[in-house]
Structures are given as C-alpha cells and as structure tokens.
Amino acid sequence: MARAFTAGRLVLATHNPGKVREIAELLAPFKVDVVSAGELNLPEPEETETTFIGNAKLKAIAAAKASGLPALSDDSGLSVTALNGAPGIYSARWAGPSKDFNLAMTRVEKELGGNPNRTAKFVCALALCWPDGHCETFEGEVHGTLSFPQRGQKGFGYDPIFMAKGQTITFAEMEPAAKHAMSHRVNAFRQLVAACFKTNQ
Ligand code: ITT
C-alpha cells in the first residue's frame, strides 16, 4: 500500500513556473500548504537519469532532503512518434539555456520534415518523496497530434503545437480547466490522489 501524505506542508520540487501554477491549482481542493523549490531557494538538481520516473524521483528526493518536508516533483515531456520518442526526457533541454520554447518547437517541426506521421504524446511522471528517501511515483499520458504553426497563448512549453485526440484547438488555446480535464499531469495527479491523499479531502 502507498504511504499516505499526512503532513500539512508540501514542497513543489520544480523551478518551472508553468508547472507550479498547474500543480498548485490541482492541489487547491486539498488541505495542503504549498511552497515551491524556488521560494525556498533550493538548487536545481542535474537530471542525470534516463527515465521520467527516475528524474522525478531525483528531483523530489533532493528537495525533500534539503527542506525536511515531503516534496512533489514533476518530470514531463513531449514524445513524438516519428522522432522515436524525442525530445522525451530532453524536452526542457531542447529549449536551450535560455528556455526558449519557440526554438524547441521549431526544432520539432524541422526534424519532422515532410514526415506525415504527426502523432505525439505528453508524459508526466510525478514523484512524492519524503525526507527519509521513501517515494511514491505515478505516470500519466495524453495522446494527440502536432499542429504547425503554433497556436494560442495559454499554458506553457510545447502547448502551442499539441492537440489532444478529438480536439481541434491546441493546449495553448484551451482554458486551464479544459487542459486539466485531460492532461498527462492530471492523469498522473489523479493516481497520486487516489493512492496518497485519501485522508486530506
Ligand atoms: P523542473 O525540472 O524544475 O520541474 P523543467 O522545465 O526543467 O522544470 P522537465 O525537465 O520535466 O522540467 O522538462 C519538461 C519540459 O516538457 C518542460 O520544460 C515543458 O516544456 C515540457 N512540458 C511538460 N509538461 C508540459 C505541458 O503540460 N505543456 C507543455 N509543455 C510541457
């Protein structure tokens, strides 16, 4: 059985403001006081693992040990079928040191070239880790297609080029609540809540 989250305070082990916003919104119905790694001035660990789950654990363990509080991390990315799953765990790194996602999305389009296969998925691994090193991990996905040029101003990262299956607008054109109804992050978050947050509702 998964370890229950019973503390009143949780560190969001991410330095990505888009993730902080989305995860804080998802946690809002629960009685949890949320503080981000940025607010605590925690260092950004190097992502040395080869899987989303591995990197999520590494980030949450680092934040939990540094803060003495349970920490929730998110390792996520875009996986493009015709690019053999790239950029995948390298999704943030494709944006370069200046975190320029125009650059990253242009690279995806360029590498696809004339390939007609535009299917892709977003993957999100969540890790909830405690200062003693214990972790609970969850993975969610949302399948869809890529669409160029970019459309929409909402969301973050690769949202302007991703259309979930059955949708005609990109994630960046959707209201946050609509993205929350179907996203990879929500999918993983629902599993986390079912396993660890039962007593907090
Ligand atoms: P942290 O490690 O501090 O959490 P990061 O941005 O480096 O921040 P990742 O290593 O997990 O995070 O990189 C994932 C990238 O994938 C992220 O920078 C986004 O560009 C992209 N991504 C993840 N979820 C996304 C979403 O819901 N919409 C659009 N892009 C997303």
Side-chain angles (χ1 to χ4, degrees), residues 11-26 34-64 66 71-80 83 85-108 120-129 137-144 146-147 150-164 167 169-189:
V11 181
L12 287 190
T14 172
H15 290 80
N16 180 322
K19 289 186 190 174
V20 171
R21 192 174 59 242
E22 288 195 2
I23 298 170
E25 281 167 12
L26 294 172
V34 175
V35 60
S36 74
E39 287 171 271
L40 294 178
N41 282 320
L42 300 182
E44 209 172 331
E46 200 190 333
E47 299 184 17
T48 50
E49 293 292 333
T50 54
T51 62
F52 290 109
I53 293 274
N55 281 327
K57 280 173 76 171
L58 171 156
K59 291 188 272 190
I61 289 173
L72 176 63
S73 69
D74 168 316
D75 199 66
S76 44
L78 179 71
S79 173
V80 181
L83 302 182
I89 62 163
Y90 301 103
S91 293
R93 284 165 266 188
W94 274 33
S98 59
K99 303 194 176 175
D100 179 353
F101 283 94
N102 281 318
L103 196 76
M105 289 184 277
T106 304
R107 180 166 169 195
V108 171
K121 64 181 178 183
F122 270 128
V123 181
C124 173
L126 294 177
L128 175 60
C129 300
T137 60
F138 309 91
E139 196 165 273
E141 295 184 346
V142 57
H143 292 251
L146 298 179
S147 163
Q150 300 171 33
R151 282 187 282 136
Q153 306 291 329
K154 302 182 182 78
F156 65 98
Y158 296 86
D159 281 342
I161 57 168
F162 185 82
M163 282 196 305
Q167 300 293 312
I169 58 173
T170 68
F171 267 2
E173 293 176 299
M174 281 185 177
E175 292 306 324
K179 183 179 172 188
H180 286 334
M182 65 185 78
S183 83
H184 49 314
R185 187 158 292 106
V186 164
N187 187 316
F189 190 79

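This chain uses plain numbering: 1 for the first residue, then up along the sequence. Ligands are counted one by one from 1 in listed order, and the atoms in each one are counted from 1 as well.
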With a 4.5 Å heavy-atom cut-off, do [X] and [Y] have their side chains touching?
X: Ser73; Y: Thr14; result: no
X: Ile161; Y: Gln150; result: yes
X: Asn187; Y: Val142; result: no
X: Met174; Y: Asp159; result: no
X: Asn16; Y: Asp74; result: no
X: Leu78; Y: Leu146; result: yes

Straight-line distance of [X] [atom1] to [Y] [atom2], nearest 0.5 Å:
X: Glu46; Y: Asn55; atom1: CD; atom2: CG; value: 10.0 Å
X: Lys59; Y: Leu72; atom1: NZ; atom2: CG; value: 11.0 Å
X: Phe52; Y: Ser91; atom1: CZ; atom2: OG; value: 5.5 Å
X: Lys19; Y: Ser76; atom1: NZ; atom2: OG; value: 4.0 Å

Distance to 0.1 Å, residue and atom name: give those for the protein heavy atom nearest to [atom].
atom: atom 3 (O) of ligand 1; result: His15 N, 2.8 Å
atom: atom 1 (P) of ligand 1; result: Thr14 OG1, 3.5 Å
atom: atom 27 (O) of ligand 1; result: Lys179 NZ, 2.7 Å
atom: atom 12 (O) of ligand 1; result: Lys19 NZ, 2.7 Å
atom: atom 21 (C) of ligand 1; result: Tyr158 CD1, 3.8 Å
atom: atom 16 (O) of ligand 1; result: Ser91 CB, 3.4 Å
atom: atom 28 (N) of ligand 1; result: Asp159 OD1, 2.6 Å

Discussion item. Going by the closest heavy atom to atom 10 (O) of ligand 1, which one wins out of Met105, Glu47, Glu44?
Written reply: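 When every heavy atom of Met105, Glu47, Glu44 is considered, Glu47 comes closest to atom 10 (O) of ligand 1.
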Could you list which atoms of ligand 1 come closer than 4.0 Å to a heavy atom of [X]?
X: Arg185; value: 23 (C), 24 (N), 25 (C), 26 (C), 27 (O)
X: Lys59; value: 1 (P), 2 (O), 4 (O), 9 (P), 10 (O), 11 (O)
X: Asn16; value: 3 (O), 6 (O), 8 (O), 17 (C), 18 (O)
X: Asp75; value: 9 (P), 10 (O), 11 (O)
X: Ala92; value: 7 (O), 10 (O), 13 (O), 15 (C), 18 (O)
X: His184; value: 24 (N), 25 (C), 26 (C), 27 (O)
X: Asp74; value: 4 (O), 11 (O)

Worksheet entry | Sole residue of Glu25, Arg185, Glu175 in side chain to side chain donor-acceptor pair (under 3.5 Å) with His180 |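 When Glu25, Arg185, Glu175 are each tested with His180, the side chain to side chain donor-acceptor pair (under 3.5 Å) holds only for Glu25.
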Worksheet item: Any heavy atom of Gly77 sitting closer than 4.0 Å to ligand 1?
Response: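 Right, Gly77 reaches ligand 1.
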Practice prompt. Could you tell me if any non-hydrogen atom of Phe156 lies under 4.0 Å from any atom of ligand 1?
Written response: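 Distance cut 4.0 Å: Phe156 passes for ligand 1.
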Worksheet item: Is Phe122 touching ligand 1 with its side chain, its backbone, both, or neither, if touching means heavy atoms under 4.0 Å apart?
Response: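 Just the side chain.
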Practice prompt. Would you mind telling me if ligand 1 is within reach of the side chain of Phe101, the backbone, both or neither, using heavy atoms under 4.0 Å?
Written response: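 For Phe101, the contact with ligand 1 is made by the side chain alone.
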Discussion item. Test your reading of the structure: does Ser76 have an N or O sitting under 3.5 Å from an N or O of ligand 1?
Written reply: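 It does: an N or O of Ser76 is found under 3.5 Å from an N or O of ligand 1.
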Discussion item. Check this for me: does any side-chain nitrogen of one of Lys57 and Glu49 sit under 4.0 Å from a carboxylate oxygen of the other?
Written reply: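 Salt bridge flag = no for Glu49 with Lys57.
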